[in-house]
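Below is one structure, written out as structure tokens; the observations come after it.
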Protein chains: 2
Amino acid sequence: MPRKSTAVDPLRLDNQICFAVYSAAHAFNRVYKPLLDRLGLTYPQYLVMLVLWERDDVPLRDIGERLFLDSGTLTPLLKRLEAAHLVRRTRSSEDERQVLIALTPQGHALKDKARSVPQSILAASDCSVPELVAMKDEIVALRDRLNTAIGE
Amino acid sequence: MPRKSTAVDPLRLDNQICFAVYSAAHAFNRVYKPLLDRLGLTYPQYLVMLVLWERDDVPLRDIGERLFLDSGTLTPLLKRLEAAHLVRRTRSSEDERQVLIALTPQGHALKDKARSVPQSILAASDCSVPELVAMKDEIVALRDRLNTAIGE
DNA sequence: GACAATTAGATTGTGCGCAATTGAAATCCG
DNA sequence: CGGATTTCAATTGCGCACAATCTAATTGTC
């Protein structure tokens, strides 16, 4: 039989690394959902808060570069965080084009409630920390090569 | 200095495997975009077509199980594919609740135009096939463990 | 100083993704 | 058989994502 083996069919769903990544991202989202509901955050909002907990009073632009998101995504998201009293949005006096994002006291305080989240994720992944770190580094390297390809 | 090293801070963005996966998924999407524009498909629509190219005339539900998507996502997506004359949606005569999805001749024919896509992705990933297969298997294993955790 | 080019953010429109609800059809079970 | 339960799609509502477009502010150049 002259048929190509399904094991190497490049159009077969189960052979697609992109689908592995896509479906893993959704699986993460579903694991995070109940944990983040308790914090009143969605997953993308949680990522923004992670950035701000490292350093706040930063331009929207910096958050976007860090998370690979543009203003069309971040503007409404940050307005929702502002409505939840977790951040404040102010125009920079040095450069009136920039919107600086700062944490409110509630925004800072939420970090304490978030500390238990990574441990729950680790448990759900049923994986050792070194294994996860190794995978993370591989995936980041792949992502960076893809982003390089886009820029060309 | 009693400060915890950032290298092991569990709330640091760069230590999050979930963000690696999340941002890699977006990077894949951006690489696929120009390739799929030529086929008139979005990335999730491409995934549905991959499923149907393996076997069509299947219930909506089966597609959802394969892609981990529910009817709220698939119903409008499939209606757009129907509007593009790539699929037909018909009620099963055996079970009137089920909607069977079948490819049109144009839907079948699109597979030929899609054959060049995986190769372009491989080039953009700048990675060997065995490396990608190994990563894919690891990510799928992680995804399956996460999905197991959700079900508990 | 004037004007072109660039940069930052906001807005609009399309398409996911998922929770919650609805309604119809099939199945279970006494 | 007949009502209760379960199953499957569809619908609705909210929140991303991103392309394209717009406005305003800044920078570069002469």
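Just so we're on the same page: letters track the sequence lines, and every chain starts at 1.
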Original post:
Just checking B:Leu77: base, sugar-phosphate only, or nothing, at a heavy-atom cut-off of under 4.0 Å?
Top reply: sugar-phosphate
Original post:
Is the distance from OP1 or OP2 of C:dT11 to the nearest side-chain N or O of A:Lys79 less than 4.0 Å?
Top reply: yes
Original post:
What is the 5' to 3' range of DNA chain D, first to last nucleotide, that sits under 4.0 Å from any heavy atom of chain A?
Top reply: D:dG15 to D:dT26
Original post:
Is there a side-chain polar atom (N or O) of B:Gln45 under 4.0 Å from OP1 or OP2 of C:dG15?
Top reply: no
Original post:
Can you list, by residue number, the residues of residues 36-44 of chain A that have a non-hydrogen atom closer than 4.0 angstrom to DNA chain D?
Top reply: A:Thr42, A:Pro44
Between side-chain atoms of residues 125-136 of chain A and protein atoms elsewhere (two or more places apart, or another chain), which donor-acceptor pairs fall under 3.5 Å?
{"residue": "A:Ser125", "atom": "OG", "partner": "A:Leu122", "partner atom": "O", "Å": "2.8"}
{"residue": "A:Ser128", "atom": "OG", "partner": "A:Glu131", "partner atom": "N", "Å": "3.2"}
{"residue": "A:Ser128", "atom": "OG", "partner": "A:Glu131", "partner atom": "OE1", "Å": "3.1"}
{"residue": "A:Glu131", "atom": "OE1", "partner": "A:Ser128", "partner atom": "N", "Å": "3.1"}
{"residue": "A:Lys136", "atom": "NZ", "partner": "B:Asp14", "partner atom": "O", "Å": "3.2"}

**OP:** State, to the nearest 10°, the angle formed by the axis through the first five base pairs of the helix from C:dG1-D:dC30 to C:dG30-D:dC1 and the axis through its last five.
**Re:** 20°
**OP:** Over 60° means perpendicular and under 30° means parallel, so classify the ring planes of A:Trp53 and A:Tyr46, tilted if in between.
**Re:** perpendicular
Original post:
Just one of A:Arg88, A:Arg55, A:Met49 clears the side-chain contact (heavy atoms from CB on, under 4.5 Å) bar with A:Leu103, so which one?
Top reply: A:Met49
**OP:** At under 4.0 Å between heavy atoms, which parts of nucleotides 19-25 of chain C does protein reach? Answer with one letter per nucleotide, 5' to 3': B base, S sugar-phosphate only, - none.
**Re:** B-----B
Original post:
Near DNA chain D, which residues from residues 47-69 of chain A have a heavy atom under 4.0 Å away?
Top reply: A:Phe68, A:Leu69
**OP:** Return no unless some side-chain N or O of A:Arg89 is found under 4.0 Å from OP1 or OP2 of C:dA10.
**Re:** yes
